[in-house]
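Take a look at the structure set out below.
Each chain gets a letter, A, B and so on, in the order its sequence line appears, and its residues count up from 1.
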There are 2 protein chains.
Amino acid sequence: MAEGKPHHHGNLRAALVEAGVALVHRDGPDALSIRKVAAAAGVSHAAPAHHFPSLLHLRTAIVAEGYRRFTASMETAIAEAPNTPRDAALGACLGYLRFARANSGLFDMMFGTTDCIHDDPDLRETADASYAVLARISAPFAGADPVDTELAIWSMIHGFASLAISGNGMHDAPDLEELFLRIFEALDLSAR
Amino acid sequence: MAEGKPHHHGNLRAALVEAGVALVHRDGPDALSIRKVAAAAGVSHAAPAHHFPSLLHLRTAIVAEGYRRFTASMETAIAEAPNTPRDAALGACLGYLRFARANSGLFDMMFGTTDCIHDDPDLRETADASYAVLARISAPFAGADPVDTELAIWSMIHGFASLAISGNGMHDAPDLEELFLRIFEALDLSAR
DNA sequence: CAATAAACTTGACAGCGTCAAGTTACTGGG
DNA sequence: CCCAGTAACTTGACGCTGTCAAGTTTATTG
């Protein structure tokens with residue numbers, strides 16, 4: 001089978017995505033370039049073209065990898081929280097917030113409008129997996145339409161996280177997680 | 001006085017910002033380039049350098065203009081709403097959402113992490129003016145710390161608007177404003 | 001073992017931001 | 001009224017970028 005390494009490099013595709021994630025993390029989304037990730041992986045500037053037809057495809061793969069780590073961040077925080085519906089929801093939100101703060105460049109790309117190909121199957125799968133976590137922790141509070149509750153929680157934590165990393169003044173708050181706990185109180189959630 | 005037109009063009013700076021806003025609106029933030037806005041304004045590719053030392057400065061000016069229109073969008077929606085605290089808050093949110101949907105590229109730049117110089121005086125002024133609208137409509141619901149309420153409302157509408165334009169599946173909802181009305185219900189707001 | 005396909009390299013092209021130097025047009029002091 | 005002086009703008013160049021075309025190396029497969 002094709003489980004072994006490809007011809008020259010040894011799974012170049014994964015190396016390029018890895019280098020891309022590191023580059024975005026270090027220097028931001030705008031610093032990402034095909035030629036830089038190619039150099040980081042030790043291949044020629046045109047080698048990535050065989051795995052990613054365009055820069056947009058590379059960005060899409062990087063965003064998909066971002067969603068995998070994003071889901072993992074939420075799952076970790078949920079696992080660390082007490083096993084009640086409210087603590088699970090709060091845990092997911094804290095995992096959400098921690099990921100955004102620790103990976104602001106990636107987070108920007110994930111939720112930007114033009115940084116990836118939204119139809120990409122791999123992206124859809126990873127993004128859907130993240131949404132599934134949100135849907136799961138929202139379920140205990142669902143009303144007539146579960147989507148309403150999911151969107152309320154998602155909007156709240158996403159807005160908070162986005163604002164927290166966007167340099168709109170709230171960046172210098174002493175304890176962002178503590179602040180979010182108070183904000184979260186404003187959500188009228190009740191297990192049904 | 002210097003109220004008349006400058007030497008060659010006639011207020012090139014404003015023309016560049018205008019062309020930049022149009023370009024971002026048409027082709028997205030990544031399509032913005034100094035050379036394109038220069039061409040749109042009918043000047044040479046290096047002319048903008050006298051008004052904007054770098055692309056980041058141009059983007060910052062475009063984002064500042066975005067905040068002006070953003071504030072106007074909220075004020076318009078507030079003015080159209082009934083004169084109650086709740087309707088004013090809801091109106092501001094609808095103005096927020098309408099701006100995001102009608103100017104998704106600009107909105108992306110405004111709340112991205114790396115698209116502008118956050119220290120810029122003009123940007124600070126316009127961004128603060130937007131925040132002042134949020135603070136004003138939040139005031140009637142303020143608890144011990146007004147910031148908590150401001151952030152709760154801001155996070156909710158910002159998250160909802162961001163998600164709505166980010167191609168994460170909710171783009172095809174039949175009536176986004178109606179959906180937000182239901183989401184907004186989940187906020188535990190009571191005039192005090 | 002030879003043919004084929006895949007992975008990668010080299011080279012080229014236009015477009016980009018930015019810097020340096022030169023040119024044009026307005027402004028203010030004599 | 002004219003003549004510096006200065007601000008606005010142009011021209012040209014540099015290195016970097018994404019992308020395409022063609023050639024070379026390597027692995028697989030019949």
_Looking at E185(A) and R86(A), is there a salt bridge between them, counting it only when a charged N and a carboxylate O are closer than 4.0 Å?_
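Counted as a salt bridge, because a side-chain N and a carboxylate O are separated by less than 4.0 Å.
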*Taking NZ, NE, NH1 and NH2 as the nitrogens, is one of them in E18(A) or R69(A) under 4.0 Å from a carboxylate oxygen of the other?*
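The answer is yes: the pair qualifies as a salt bridge.
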_OP1 or OP2 of dC8(C) under 4.0 Å from side-chain N/O of H51(A)_ =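 Checking dC8(C) against H51(A), a side-chain N or O does come within under 4.0 Å of OP1 or OP2.
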_Any side-chain to backbone donor/acceptor pair from K36(A) onto L23(A)? Under 3.5 Å, distance only._
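Here the side-chain-to-backbone pair does not exist.
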*Flag, side chain of S73(A) to backbone of G95(A), donor-acceptor distance under 3.5 Å*: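 Between the backbone of G95(A) and the side chain of S73(A) there is a qualifying donor-acceptor contact (under 3.5 Å).
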_Angle between ring planes, F70(A) versus Y67(A), binned at 30° and 60°: parallel, tilted or perpendicular?_
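Aromatic pair F70(A)/Y67(A) classed perpendicular.
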*Over 60° means perpendicular and under 30° means parallel, so classify the ring planes of Y96(A) and F111(A), tilted if in between.*
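Correct class here is parallel.
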Nucleotide N/O to protein N/O under 3.5 Å, stretch nucleotides 13-20 of chain C:
residue, atom, partner, partner atom, Å
dG17(C), OP1, I34(B), N, 2.8
dG17(C), OP2, I34(B), N, 3.2
dG17(C), OP2, R35(B), N, 3.2
dG17(C), N7, R35(B), NH1, 2.6
dG17(C), O6, R35(B), NH1, 3.1
dT18(C), OP2, L55(B), N, 2.8
dT18(C), O4, R35(B), NH1, 3.3

*Could I get the full list of side-chain contact (heavy atoms from CB on, under 4.5 Å) partners for D122(B), not counting sequence neighbours?*
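So D122(B) forms a side-chain contact (heavy atoms from CB on, under 4.5 Å) with A64(B), R68(B), D120(B), T126(B).
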So which protein N/O to nucleotides 21-23 of chain C N/O distances come out below 3.5 Å?
none

*Test side chain to side chain contact (heavy atoms under 4.5 Å, CB included) on L32(A) and M109(A) and set out the steps.*
CA-CA 11 Å; L32(A) 179 67; M109(A) 291 175 67; 4.3 Å; yes
*Between dA6(C) atom P and L12(A) atom CG, what is the distance in whole Å?*
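Computing the L12(A):CG to dA6(C):P distance gives 16 Å.
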